[in-house]
Participant: 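Please find one structure pasted underneath; my questions will follow.
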Amino acid sequence: MAQTNVEHGAAPMIVTKWTGIEVRALRTAALRITQQEFAETLGFTVAVVRKWEGRRETIELAGRYAAAMDTLLHRLTDSERARFQTELTGAVNMVHPVATEPFESSTEIAARVRSLAELDADRDTFDILSLTIDDVIDCYELEGPQRLAPSVVKARRQVEGLLGQRRHPVQLKELYAIAARLSAVLGYMAVNRGRFGHARMYCREAFALGGLLEDSELQAWVKGTESFCAYYQHDYAAAVRAAYEGLDLAKEGPQSIRLYSNGLARALGKVGDRDGVAAAIDAATAAAARFSTGAGLTPALDFAPYGEARLMANAATAFLSVGDHARTLDYGRRVEERVNESDSVWSRSLVRIDMAAALAAGERCDVEQAVSLGVEALAASSDRPIRSVWQRAHELGDLIGPIPARASADYVATLREWSTTAREFAAPPG
C-alpha cells in the first residue's frame with residue numbers, strides 16, 4: 001500500500017500533513033467539484049488552489065489553510081470519505097480495523113490543539129478592515145460614493161470569505177460586527193448614488209447582522225438610512241414608518257437625534273404635518289443637548305450622533321416642506337457659517353438650495369438672491385454631487401423656472417449645464 005499522510009480507523013479520519021496531493025484528492029475524488037467551486041467553498045482564490053495542486057507533494061499547507069482543509073474533511077459524508085481514502089491509498093475495498101482503544105489517538109488530539117492556536121490568526125487583517133471603515137467615513141465627502149464604494153465592496157467580500165473559515169468565537173463576533181458596519185455604509189452610499197434597490201438590500205443585511213449581534217444602536221442607525229432612502233423615493237409614509245421603528249430601537253439614545261431630524265421631521269414635512277415637524281425638531285434638539293454632541297458639523301456618513309449644525313440643516317429642510325420659510329431661513333443662516341467652515345461640500349449645496357427655495361417661495365419673493373444661492377449650490381458640489389443634491393437642485397429649478405424673471409432663466413440654464421456632468425454621479429439609472 002502506498003505511503004500517505006492519512007490516518008484512519010474507527011476514530012474520525014485525520015490528515016497529518018496537507019500537501020497538494022491531499023488537496024486534489026479531497027476536491028476531485030471526495031467532493032467531485034471544480035477548482036472554482038472548491039475555492040469559493042473555502043473562501044480562497046482559484047489561483048491558490050491551482051498552485052497547491054500543481055506543486056503536489058512539494059508544498060505543505062499550514063496555519064489557516066490546513067485548518068480549512070481539516071474542517072472540510074470532517075464535514076465529508078461516509079461515501080465521500082471512502083472515495084478520498086481510496087484515491088490516496090489505491091485500495092478499492094478497504095477494510096477498517098476495529099478499534100480496541102475507546103479514546104482518540106494522540107495524533108488527532110494534537111492536531112486539534114494546533115488548530116485552536118491557528119484560530120487566533122489574522123489580527124492585522126481585522127485591524128485593517130476596521131480602519132477601512134474609519135477611513136471611508138473620514139474622506140467620504142471629499143471623494144464621494146462613486147470613488148469609495150468599490151473599496152468597501154471589496155472589504156465586505158473579504159469579510160464574507162473570512163466568515164466561511166474556522167474562527168475563534170471572539171473573532172467571529174468581531175467579523176460579524178465589521179460586516180454589519182460595511183453593509184450599513186454600502187446602504188448609505190447606495191442612497192447617495194440613487195441606487196435605491198441596492199440600498200434597501202444592504203440595509204436589510206446590516207439590520208439582520210445587527211440583530212445577531214444584539215446591537216440595537218446599529219439597527220436604529222440602519223432604520224435611519226431606510227427612512228433616508230424612502231424619503232428620496234418620495235415614499236414619505238415609509239420614511240415616517242422607518243423613522244418610528246428606529247426610534248423604538250434607539251430608546252431616546254444618541255441615534256434618536258438623526259432619526260428625529262433627518263428621518264421623522266423631514267418626512268412629516270413632506271406630508272404637511274407642521275406640528276409634527278416642530279415636535280420632532282424639538283425632540284432632536286433636546287437629545288443633542290442631553291448628549292452634548294457639540295456645535296460643529298458632524299460628517300454626513302458617521303455612526304456617531306448628529307451634532308447641532310447637522311441637526312439644524314435638517315430642520316431647515318423640514319420646515320421648508322411645510323411652508324415655514326421664515327424658520328427655514330433662520331436655521332439656514334444660523335448653520336451657514338459652520339457649513340462653510342467644514343469640508344462638507346454637499347451640506348453647503350443643500351443649505352443654499354433650502355434657503356434659495358425659501359426666498360423664491362416666500363411672501364417677499366427675492367428671485368435674484370434665490371438664484372444667486374442656487375448657482376452657488378451647484379458650484380459647491382459640481383465635481384462630486386450626490387443624489388440628494390441632484391434631486392433638490394432640480395426641485396428648485398421647478399420652483400424658480402416659472403417665475404417671470406431673467407434670473408430664473410439663468411438658474412435653469414446653469415442647472416441644465418451642471419446636470420450634464422452631474423448625471424454620472426447622482427442621477428437615477430436608465
Participant: Can you check whether G20's main-chain N or O pairs, donor with acceptor, with R56's side chain at less than 3.5 Å?
Facilitator: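 No: the side chain of R56 does not pair with the backbone of G20.
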Participant: Backbone N or O of Y306 within a donor-acceptor pair of the T293 side chain at under 3.5 Å?
Facilitator: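 It does hold such a pair.
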Participant: Whether E308 and R338 form a salt bridge (side-chain N of Lys/Arg under 4.0 Å from carboxylate O of Asp/Glu) is what I want to check.
Facilitator: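 The answer is yes: the pair qualifies as a salt bridge.
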Participant: So, taking the atom named CG in D398 and the one named CG in L415, what distance separates them when rounded to the nearest 0.5 Å?
Facilitator: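 These two atoms lie 8.5 Å from each other.
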Participant: Is it true that the NZ or CZ of R258 lies under 6.0 Å from the centre of W221's six-membered ring and within 45 degrees of the ring axis?
Facilitator: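 Yes, R258 sits over the ring of W221.
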Participant: Going from CZ on R352 to CD on E376, what distance comes out if it is rounded to the nearest 0.5 angstrom?
Facilitator: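 Spacing of CZ (R352) from CD (E376) equals 5.0 Å.
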Participant: Kindly say whether H198 contributes a backbone atom to a donor-acceptor pair with the side chain of R195 at under 3.5 angstrom?
Facilitator: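 No.
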Participant: Please step through side-chain contact (heavy atoms from CB on, under 4.5 Å) for the pair L162 and E160, ending with a clear verdict.
Facilitator: CA-CA 5 Å; L162 293 171; E160 198 64 20; over 6 Å; no
Participant: Spell out, as yes or no, whether a donor-acceptor pair under 3.5 Å connects the side chain of R83 to the backbone of A30.
Facilitator: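 It does hold such a pair.
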Participant: On a heavy-atom basis, which atom in L268 and which in V277 lie closest, and how many Å separate them?
Facilitator: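 Answer, listing the atom of L268 first, then V277: C-CG2, 3.9 Å.
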Participant: Indicate yes or no: at least one non-hydrogen side-chain atom of Y231 is less than 4.5 angstrom from one of N262.
Facilitator: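 Contact flag for Y231/N262 side chains = no.
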Participant: Looking just at side-chain N and O atoms, do W346 and N192 make a donor-acceptor pair shorter than 3.5 Å?
Facilitator: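 Their side chains do not contain a donor-acceptor pair, so the 3.5 Å distance test is not met.
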Participant: On a heavy-atom basis, which atom in G263 and which in A243 lie closest, and how many Å separate them?
Facilitator: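 Result for this residue pair: C-CB, 4.0 Å.
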Participant: Would you say T328 and D354 are linked by a side-chain donor-acceptor pair, where the criterion is simply a distance under 3.5 Å?
Facilitator: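 D354 vs T328: no donor-acceptor pair found between side chains.
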Participant: Which atoms form the tightest heavy-atom contact between A300 and Y188, and what is the distance?
Facilitator: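 Closest approach of A300 to Y188: O-OH, 3.2 Å.
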Participant: Show, in sequence, the C-alpha distance, side-chain angles and deciding distance for Y411 and L378, and conclude whether the side-chain contact (heavy atoms from CB on, under 4.5 Å) test is met.
Facilitator: CA-CA 10 Å; Y411 177 77; L378 297 178; 3.9 Å; yes
Participant: Can a donor-acceptor pair be found, under 3.5 Å and without considering hydrogens, that links the side chain of W18 to the backbone of L61?
Facilitator: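 Not at all, since once roles are kept as given, no pair shorter than 3.5 Å links the two residues.
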Participant: Looking at T58 and R55, would you say the former's side chain and the latter's main chain have a donor-acceptor pair under 3.5 Å?
Facilitator: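 Yes.
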Participant: Do we see a donor-acceptor contact under 3.5 Å between the side chains of D282 and Y260?
Facilitator: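 The answer is no; no qualifying pair exists.
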Participant: Output yes when a side-chain donor or acceptor of R157 lies under 3.5 Å from a complementary backbone atom of V153, and no otherwise.
Facilitator: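 Between the backbone of V153 and the side chain of R157 there is no qualifying donor-acceptor contact (under 3.5 Å).
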Participant: Hey, what's the ring geometry for Y65 with W52, parallel, tilted or perpendicular (30° and 60° as the breaks)?
Facilitator: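 Correct class here is perpendicular.
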Participant: Measure across A287 and I257 and return the closest heavy-atom pair with its distance rounded to 0.1 Å.
Facilitator: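 Closest heavy-atom pair between A287 and I257: CB-CG1, 3.6 Å.
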Participant: Using a 6.0 Å cut-off, check whether atom OH of Y244 has over 12 heavy atoms from anything other than its own residue.
Facilitator: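 Atom OH in Y244 is not packed in, count stays at 12 or less.
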Participant: Search all heavy atoms of G332 against all heavy atoms of V351 and return the closest pair with its distance.
Facilitator: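 Closest approach of G332 to V351: O-CG1, 4.0 Å.
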Participant: Aromatic rings H234 and Y236: how do their planes relate, parallel, tilted or perpendicular, breaks at 30° and 60°?
Facilitator: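 Because their plane-to-plane angle is over 60°, the rings of H234 and Y236 count as perpendicular.
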Participant: Check whether T298 reaches the backbone of G307 with its side chain - one donor and one acceptor, N or O, closer than 3.5 Å.
Facilitator: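 Checking the backbone N and O of G307 against the side chain of T298, a donor-acceptor pair under 3.5 Å is found.
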Participant: Assess whether atom CG of D78 is packed by more than 12 heavy atoms of other residues, nucleotides or ligands within 6.0 Å.
Facilitator: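 Not buried by this count: 12 neighbours or fewer within 6.0 Å.
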Participant: Is it the case that Q35 and R24 place a side-chain donor and acceptor less than 3.5 Å from each other?
Facilitator: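 Absent: no donor and acceptor within the cut-off.
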Participant: Looking only at atom types and distance, does a side-chain atom of R274 sit under 3.5 Å from a main-chain N or O of V322, one as donor and one as acceptor?
Facilitator: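 A pair under 3.5 Å: yes.
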Participant: Roughly how far, to the nearest 0.5 Å, is the OG1 atom of T77 from the CG atom of L31?
Facilitator: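 Rounded to the nearest 0.5 Å, the CG-OG1 separation comes out at 8.5 Å.
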Participant: Mind checking whether M69 and L42 have side chains closer than 4.5 Å, heavy atoms only?
Facilitator: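 Yes - at least one pair of side-chain heavy atoms lies under 4.5 Å apart.
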Participant: For the side chain of T71 and the backbone of A67, is there at least one donor-acceptor N/O pair under 3.5 Å apart?
Facilitator: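 The answer is yes, because a donor-acceptor pair under 3.5 Å joins these two groups.
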Participant: Is the closest side-chain heavy-atom distance between L72 and F38 below 4.5 Å?
Facilitator: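 They are in side-chain contact.
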Participant: Could you tell me whether the side chain of F207 reaches within less than 4.5 Å of the side chain of L249, counting heavy atoms only?
Facilitator: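 Yes, at least one pair of side-chain atoms sits under 4.5 Å.
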Participant: Pick from I281, V335, L297: which one makes a side chain to side chain contact (heavy atoms under 4.5 Å, CB included) with M312?
Facilitator: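 Output: one option passes, namely V335.
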Participant: Which value, rounded to the nearest 0.5 Å, describes the distance between R327 atom CZ and L320 atom CG?
Facilitator: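 Those atoms lie 13.0 Å apart.
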Participant: Between OH of Y176 and CG of L213, what distance do you get to the nearest 0.5 Å?
Facilitator: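 Answer for the OH-CG pair, Y176 versus L213, is 9.0 Å.
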Participant: Below 4.0 angstrom, N of the basic side chain to O of the carboxylate: do R310 and E141 qualify?
Facilitator: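 E141 and R310: salt-bridged.
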Participant: Strictly by modelled atom types, are Y232 and R392 linked by a side-chain donor-acceptor pair under 3.5 Å?
Facilitator: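 Yes, R392 and Y232 have a side-chain donor paired with an acceptor closer than 3.5 Å.
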Participant: What are the two closest non-hydrogen atoms of A377 and I353, and how far apart are they?
Facilitator: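 Heavy atoms only, the tightest pair is CB-CG1, 3.6 Å.
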Participant: Are L26 and V15 side-chain neighbours, meaning at least one heavy-atom pair lies under 4.5 Å?
Facilitator: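 Side-chain contact under 4.5 Å: no.
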Participant: Taking 4.0 angstrom as the limit, do E37 and R27 come out as a salt bridge?
Facilitator: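 No salt bridge links E37 with R27.
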Participant: Would you kindly say whether S388 and Q391 are connected by a side-chain donor-acceptor distance under 3.5 Å?
Facilitator: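 No pair is found: no donor N or O on one side chain lies under 3.5 Å from an acceptor on the other.
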Participant: Applying side-chain contact (heavy atoms from CB on, under 4.5 Å), run through V412 and T414 and close with a yes or a no.
Facilitator: CA-CA 5 Å; V412 171; T414 303; over 6 Å; no
Participant: Any side-chain heavy atom of L259 within less than 4.5 Å of one from L264?
Facilitator: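 Result no, sub-4.5 Å side-chain heavy-atom pair not found.
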Participant: Hey, what do you get for CG (L182) to OG1 (T132), rounding to the nearest 0.5 Å?
Facilitator: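 It comes to 7.5 Å.
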Participant: Would you say L218 and Q255 make side-chain contact, with heavy atoms under 4.5 Å?
Facilitator: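 No, side chains not in contact.
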Participant: With a 3.5 Å cut-off and no angle check, do the side chains of E205 and S183 form a donor-acceptor pair?
Facilitator: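 Note: E205 and S183 side chains meet the donor-acceptor criterion.
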Participant: Using side chain to side chain donor-acceptor pair (under 3.5 Å), reason through Q219 and S216 one step at a time and then give a plain yes or no.
Facilitator: CA-CA 5 Å; Q219 288 184 305; S216 57; 5.8 Å; no
Participant: Answer yes or no: is there a side-chain heavy-atom contact under 4.5 Å between F44 and R64?
Facilitator: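 Yes, close enough: below the 4.5 Å cut-off.
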Participant: Hey, are K223 and E226 close enough for a salt bridge, meaning a charged N less than 4.0 Å from a carboxylate O?
Facilitator: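 Yes.
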Participant: Going through the distances and angles, do F303 and V185 end up as a side-chain contact (heavy atoms from CB on, under 4.5 Å)?
Facilitator: CA-CA 9 Å; F303 292 103; V185 166; 3.8 Å; yes
